[in-house]
Amino acid sequence: MLDHVSVGVADLERAARFYEPTLAALGLTQLVTRPATIGFGKTYPEFWINLRAGMSPIAPESGVHICLRARSTEAVDAFHAAALSAGGRSDGAPGIRAHDRVKYYAAFVIDPDGNRIEAVTFPSE
């Protein structure tokens, strides 16, 4: 259903330092670099960071987040660890989330600009 997503960032270089290792844990690399935007993906840019100079801080109660699919629980763990090492904050440690319809394994992080990013996988057991 979705082709790509983008998030606004106040400092493109700082955001790139965060997103390069964080997204690499999920197999995404930097594919496009332009003066005010960077696109990450596997074969084409699926996730963009866009410079928004003067951007207002993202309200913690906004409720908006972007969820990216991971191939394994290990990839979710690596995503979370990389994000924290690169200046992000945890918004939910890696672990099983059991809901009424599905059981999934996920981790939630907040980037330096306040964007909430999740990595998820669906273990078979």
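Note that this is a predicted model, so its numbers are computed, not measured.
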> Between the side chain of Thr121 and the main-chain N/O of Thr73, is any donor-acceptor distance below 3.5 Å?
Replying inline: no

Show every donor-acceptor pair shorter than 3.5 Å between a side-chain atom in residues 54-65 and any protein atom, with sequence neighbours excluded, or say none if there are none.
| from | atom 1 | to | atom 2 | distance (Å) |
| --- | --- | --- | --- | --- |
| Ser62 | OG | Ala59 | O | 3.4 |
| Ser62 | OG | Val64 | N | 3.4 |
| His65 | NE2 | Glu118 | OE1 | 2.8 |

> How far apart are the closest heavy atoms of Leu26 and Ala75, and which atoms are they?
Replying inline: CD2-O, 4.0 Å

Only distances under 3.5 Å count here; give the side-chain donor-acceptor pairs of residues 82-94 to other protein atoms, sequence neighbours excluded, each with its distance to 0.1 Å.
| from | atom 1 | to | atom 2 | distance (Å) |
| --- | --- | --- | --- | --- |
| Ser85 | OG | Ala81 | O | 3.1 |
| Ser90 | OG | His80 | NE2 | 2.9 |
| Ser90 | OG | Gly92 | N | 3.3 |
| Asp91 | OD2 | Arg116 | NE | 2.9 |

> Heavy atoms, side chains only, cut-off 4.5 Å: are Leu28 and Tyr19 in contact?
Replying inline: no

>> Among residues at least two apart in sequence or on other chains, which ones pass side-chain contact (heavy atoms from CB on, under 4.5 Å) with Val102?
In response: Tyr104, Phe122

>> Please enumerate all residues that pass salt bridge (Lys or Arg N to Asp or Glu O under 4.0 Å) together with Arg17, with sequence neighbours excluded.
In response: none

>> Hydrophobic clusters here meaning ILVMFWY residues chained together by side-chain heavy-atom distances under 4.5 Å, can you tell me if Leu23 and Leu2 are in one?
In response: yes

>> What's the separation between atom CD1 in Ile117 and atom CD1 in Ile66, rounded to the nearest 0.5 Å?
In response: 4.5 Å

>> Please determine whether residues Val109 and Val76 belong to a single hydrophobic cluster, defined as Ile, Leu, Val, Met, Phe, Trp and Tyr linked transitively by side-chain heavy-atom distances below 4.5 Å.
In response: no

Check residues 39-47 and write down every donor-acceptor pair under 3.5 Å in which the side-chain atom is one partner and the other belongs to a residue at least two apart or another chain.
| from | atom 1 | to | atom 2 | distance (Å) |
| --- | --- | --- | --- | --- |
| Tyr44 | OH | Asp3 | O | 3.2 |
| Glu46 | OE2 | Lys42 | N | 3.1 |

>> Around atom CZ of Arg97, are there more than 12 heavy atoms from other residues, nucleotides or ligands closer than 6.0 Å?
In response: yes

Listing, residues 4-15 side-chain donor-acceptor contacts under 3.5 Å, not counting sequence neighbours, or none:
| from | atom 1 | to | atom 2 | distance (Å) |
| --- | --- | --- | --- | --- |
| Ser6 | OG | Asn50 | ND2 | 3.3 |
| Asp11 | OD1 | Glu13 | N | 3.1 |
| Asp11 | OD1 | Arg14 | N | 2.9 |
| Arg14 | NH2 | Asp113 | OD1 | 2.6 |
| Arg14 | NH2 | Asp113 | OD2 | 3.3 |

> Do any N or O atoms from the side chain of Thr22 and from the backbone of Phe79 form a donor-acceptor pair under 3.5 angstrom?
Replying inline: no

